[in-house]
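The analysis underlying the following values was restricted to heavy atoms, covering all of them including side chains, and did not include hydrogens, waters or symmetry mates.
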Amino acid sequence: MSTPFITKGGRFLDSKTKVTEQKRVTAMIKKIDQRLAQKRQELAQAQHETSAVQRNYGDNTRVNITEADDRIETNAAVQQQKQLVAHTVENEAILKKQIKQLLALRQSPYFGRIDIDEAGEKETLYIGTASFIDDQQHFLIYDWRAPISGIYYNGTLGTVRYQTPNGTRQAKLLKKRQFLIEHGQIKNLFDTNETVGDSLLQYVLGTARNDYMKNIVATIQQEQNDIIRDTHHDVLMVQGVAGSGKTSAILQRIAFLLYHSRESLNSEQMILFSPNRLFSHYIADVLPSLGEKNIRQVTLAEFLNYRFSGLQVETLFDRYEQDQANFPPLAQQIRHFKESLAYMSAIDTYLAQLKPSQLAFTAIYANGQVFFSQQEIQTIYAQLPEKMLAADKFLATKNTLIKRLKHKIKTEATADWVAAEIDILSDERYRQIIGHHHFTTGDAEWRFIAEAIVRKRFAVVYDALYNDYFIDIYQQYSNFMASVPQIPVPAKIWQTMMATYRQQLERHYLRLADATPLLYLRDQLTGSGQNHALQHLFIDEMQDYTPAQLRYIRHAFPNAKFTLLGDRAQDLFTGEKQIDFQRQLPIIFQTKRINVITLNKSYRSTYPITKFAAATLGDNNQIEAFNRQGRQPQLITTSTATDSLQQISQKCQQLRLRHETVAILTKNQATSDWLFARLKLDSETTLLTDTDRALPKGIVILPIYLAKGLEFDAVIAYNVAKSQFKTTQDQHILYTMASRAMHELILISQGGPCRFIQQIPTKLVQRQSITKSHTAP
């Protein structure tokens with residue numbers, strides 16, 4: 001890119017300034033090369049040491065361990081060698097990470113410069129993706145996450161404040177300079193009073209999308225920086241329009257938190273709930289490119305299936321597909337009730353009033369006989385103080401049963417069958433039982449072996465106690481449903497729903513609406529299911545979650561701080577009844593430290609596409625379009641399915657000449673399957689489903705719910721006809737389809753377009769009608 005930036009608020013710089021800055025870049029790369037050579041030499045030495053230690057470890061493990069003294073000495077040596085191996089391997093990993101970081105800096109050492117005056121001392125600082133310090137411990141480049149780097153993102157010329165670990169500091173920002181450096185060469189630079197100049201954004205956003213989300217810390221806007229650096233709130237909710245940089249901000253926030261709290265926080269203490277597996281793959285390279293390990297990612301379906309081992313839990317996508325076919329009003333009422341906070345509160349009330357006789361205890365069997373009867377378990381529970389919490393009572397009951405099991409083992413160890421089994425023990429089995437134990441008397445040894453045999457016989461009992469199998473939690477949930485007051489539908493309908501629940505359980509199937517209430521009931525009753533180690537939890541596409549699901553996730557991770565990202569206009573799953581999360585957050589999370597940030601400016605799409613997408617929502621939307629020009633969206637109306645297929649084929653051929661990725665988006669999976677089977681395309685075409693993890697280049701066909709969070713160079717939205725798009729949910733589907741496109745958008749309507757498109761001003765869309773007589777061959 002050789003042409004100069006034309007930037008609002010920016011100032012062009014003369015060639016002399018560029019030459020001076022290029023000299024610094026070149027000198028910086030020379031220093032980076034020197035450091036690279038040093039680190040590579042250290043890595044070679046570390047690899048040599050690792051090999052030597054591993055060889056030594058192998059030799060030590062072959063020492064004769066027949067004698068006790070030799071065994072003790074050898075074990076100590078082996079442990080020492082293990083520690084040495086771990087240390088050398090860790091050292092290698094650190095050096096490899098440093099080399100990778102230096103290689104990235106070599107390509108583009110920095111993207112920003114700030115000149116500040118702090119307490120009379122003037123200083124010039126350069127901002128990059130990582131810190132670079134010389135041998136005298138002087139910062140040549142500051143990490144973008146460093147406290148002082150906040151000035152670059154938030155400050156305009158004049159007095160500025162920035163946060164440090166020791167409190168707020170004040171300085172005067174004298175200059176802000178932005179660079180575009182590629183392969184060590186300055187492509188352009190300018191001084192600005194803006195956070196990031198529009199031309200820099202236009203350049204970055206105008207390039208073709210690759211298979212992964214880009215890491216562009218150079219283009220962080222002030223409102224995104226507020227998201228990234230928020231460390232003061234327990235819950236951060238970001239309501240952002242499509243393409244506003246929510247996902248970029250959440251990943252950069254993760255990198256910032258790991259940098260900011262590196263002494264007390266690691267990637268294992270974070271988890272990200274992703275909308276689908278494709279999205280997880282799409283963002284996989286961002287954190288590593290920022291020098292951090294990826295955190296765990298999980299979809300809601302994966303999380304629930306893990307918690308319900310042995311049951312198939314209905315997925316959000318399966319339910320969506322079924323709803324497209326049939327979703328009667330009474331079923332909607334029941335679902336919304338089960339997914340409400342009121343339903344979760346009803347569980348708390350139910351447990352508080354639960355009598356021992358109402359608990360669904362089940363007998364524990366061993367070898368075909370009752371070991372602990374239902375009555376015995378119920379009696380133990382009933383004898384506990386009435387005011388104890390249900391979870392405490394359950395734990396006390398469990399401990400009592402375990403004590404009785406241990407007592408039974410000691411008693412049964414004297415039985416004749418045990419003595420008979422000891423008499424026929426093989427030498428190998430005897431050594432397995434004894435292990436490294438030593439006994440002072442023969443009686444003690446015999447007793448040890450006898451109890452080990454009985455323990456093995458009764459292992460099934462201990463397993464049942466450990467896993468809480470002495471209560472039928474599914475029956476308990478059924479009992480709860482039978483007791484719920486003020487159900488929103490006729491009693492007969494509710495009873496039919498309960499019968500369906502039991503029938504589906506027999507087939508090892510559970511409806512999504514029942515999943516989190518059932519888990520909550522189980523956890524509150526048994527005191528299980530909580531992870532206290534997790535410190536940060538992130539949810540993307542928050543609008544796809546119900547209040548009951550968020551309430552349960554909050555319960556499951558009680559010590560975590562939450563970052564929630566969403567866009568109400570992309571709500572594809574809740575039907576006609578939208579949820580006001582901003583009002584419900586204080587109830588769900590029971591904290592006052594909530595921060596809500598709204599992002600109204602969309603950067604992903606061109607100006608014409610964003611204006612069109614916003615217009616599908618009507619006049620009340622507050623979406624601001626970023627000024628990046630491009631082609632006007634096209635609406636092609638056809639009369640038959642054959643015409644539509646031919647138009648898609650033609651458009652795909654044209655779009656592939658200009659773009660790497662073309663997505664054909666449909667309303668559901670069945671339509672995607674139908675299109676894939678009938679389209680005749682010259683380019684390689686991939687049909688995507690919810691089991692796919694990779695997002696290939698070329699032409700892809702997928703239902704809209706799998707495209708959430710993703711972006712494509714060009715999008716073809718299939719069949720936006722009035723016969724297909726009728727409801728408010730359909731309006732959100734249409735908006736989500738349109739907002740996936742970065743550079744070009746084409747809409748195909750078989751028959752007249754839907755009312756959401758008909759209401760759009762003519763100037764925002766190029767319209768074309770195709771009749772059979774004009775169909776291309």
Can you name the closest pair of heavy atoms from L258 and S267 and give their distance?
CD2-N, 3.7 Å
Short question: side chain of Q476, backbone of F361 - any donor-acceptor pair under 3.5 Å?
no
Looking at K708 and D544, is any side-chain nitrogen of the basic one under 4.0 Å from a carboxylate oxygen of the acidic one?
yes
Taking atom types as modelled and ignoring hydrogens, do the side chains of E321 and Y705 form a donor-acceptor contact shorter than 3.5 angstrom?
yes
Candidate pair M498 and S478, rule side chain to side chain contact (heavy atoms under 4.5 Å, CB included), full reasoning
CA-CA 7 Å; M498 290 172 56; S478 183; 4.2 Å; yes
Ignoring hydrogens, what is the shortest heavy-atom contact between R277 and D692? Give both atom names and the distance.
CB-O, 3.5 Å
Does the gap between the ring centers of F458 and F371 come in under 6.0 Å?
yes
Can you find a pair of side-chain heavy atoms, one from I493 and one from I334, that are under 4.5 Å apart?
yes
Name of the residue among F538, F279, Y282 meeting side chain to side chain contact (heavy atoms under 4.5 Å, CB included) with S274
F279
Is H555 close to R551 at the side-chain level, that is, under 4.5 Å between some pair of heavy atoms?
no
Looking only at atom types and distance, does a side-chain atom of Q269 sit under 3.5 Å from a main-chain N or O of Q535, one as donor and one as acceptor?
no
Please report the C-alpha distance between L512 and L304 in whole Å, then the side-chain angles of each, then the deciding distance to 0.1 Å, and finally whether the side chain to side chain contact (heavy atoms under 4.5 Å, CB included) criterion is met.
CA-CA 9 Å; L512 181 59; L304 293 176; 3.5 Å; yes
Do side-chain atoms of T362 reach the backbone of Y469 as a donor and acceptor pair under 3.5 angstrom?
yes
If we ignore hydrogens and angles and just use 3.5 Å, is the side chain of R253 paired with the main-chain N or O of D230 as donor and acceptor?
yes
Q530, CD atom: more than 12 neighbouring heavy atoms under 6.0 Å
yes
Salt bridge or not for K408 and E376, using N-O below 4.0 Å?
no
Which heavy-atom pair separates R554 from A560 by the least distance, and what is that distance?
NH1-O, 3.9 Å
Any donor and acceptor pair, going by atom type alone, linking the side chain of N467 with main-chain N or O of D463 inside 3.5 Å?
yes
With heavy-atom distances below 4.5 Å as the criterion, would you say the side chains of F470 and F372 are in contact?
no
The reported gap from CG in L287 to CE in M270 (rounded to nearest 0.5 angstrom) is 9.0 Å
Neighbour count above 12 (heavy atom, 6.0 Å) for H536 NE2
yes
Tell me if the CZ atom of F448 is crowded by more than 12 foreign heavy atoms within 6.0 Å.
yes
For a 4.5 angstrom cut-off between non-hydrogen side-chain atoms, does L359 reach K393?
no
Would you find more than 12 non-hydrogen atoms of other residues, nucleotides or ligands less than 6.0 Å from H407 atom NE2?
no
R511 backbone acceptor or donor facing E314 side chain under 3.5 Å:
no
Of Q543, Q549, E541, which meets side chain to side chain contact (heavy atoms under 4.5 Å, CB included) against Y545?
Q549
Is a side-chain N or O of R262 found less than 3.5 angstrom from the main chain of Y259, in a donor-acceptor match?
yes
Gap separating the OG1 atom of T563 from the CD1 atom of I250, nearest 0.5 angstrom
6.0 Å
Establish, from distance only, whether the side-chain atoms of Y477 and D514 form a donor-acceptor pair under 3.5 Å.
yes
Chi angles and distances behind the side chain to side chain donor-acceptor pair (under 3.5 Å) call for T379, Q375
CA-CA 6 Å; T379 301; Q375 184 59 50; 3.3 Å; yes
Heavy atoms, side chains only, cut-off 4.5 Å: are F273 and M542 in contact?
no
How long is the gap from NZ on K338 to OG1 on T546, to the nearest 0.5 Å?
12.5 Å
Begin from the C-alpha positions of L518 and F480 and carry the test side chain to side chain contact (heavy atoms under 4.5 Å, CB included) through to its verdict.
CA-CA 10 Å; L518 202 160; F480 158 70; over 6 Å; no
Relative to the ring of F557, is the ring of F303 parallel (under 30°), tilted (30 to 60°) or perpendicular (over 60°)?
tilted
Would you say E292 and I254 make side-chain contact, with heavy atoms under 4.5 Å?
no
For L278, does its backbone N or O pair with a side-chain atom of H281 as donor and acceptor, under 3.5 Å?
no
Determine whether K97 and K293 make a side-chain contact, defined as any pair of heavy atoms from C-beta on separated by less than 4.5 Å.
no
Calculate, to the nearest 0.5 Å, the distance between atoms CG and CD1 belonging to D468 and I473 respectively.
8.5 Å
Applying side chain to side chain contact (heavy atoms under 4.5 Å, CB included), run through F337 and V489 and close with a yes or a no.
CA-CA 10 Å; F337 177 56; V489 293; over 6 Å; no
For a quick test of reading the model, state the closest non-hydrogen atom pair linking K561 to R593 and the distance between them.
NZ-NH2, 4.1 Å
Do the side chains of R447 and E451 get close enough for a salt bridge, i.e. N-O under 4.0 angstrom?
yes
Do any N or O atoms from the side chain of W494 and from the backbone of M481 form a donor-acceptor pair under 3.5 angstrom?
yes
Hey, can you tell me if Y520 and Y552 have their rings parallel, tilted or perpendicular (30° and 60° cut-offs)?
perpendicular
Would you name the heavy atoms of L465 and K398 that are closest together and state the gap between them?
O-CE, 2.9 Å
Among I409, L405, V461, find the one that has a side chain to side chain contact (heavy atoms under 4.5 Å, CB included) with R455.
I409
Please report the shortest heavy-atom distance between L351 and L521, naming the atom on each side.
CD2-CD1, 3.7 Å
Got V313 and Y509 here, is their nearest side-chain heavy-atom distance under 4.5 Å?
no
Gap separating the NZ atom of K492 from the CE atom of M497, nearest 0.5 angstrom
15.5 Å
Between R457 and N367 (side chain of the first, backbone of the second, donor and acceptor by atom type, cut-off under 3.5 Å), is there such a pair?
no
Working to the nearest 0.5 angstrom, can you tell me the gap between T299 OG1 and N276 CG?
8.5 Å
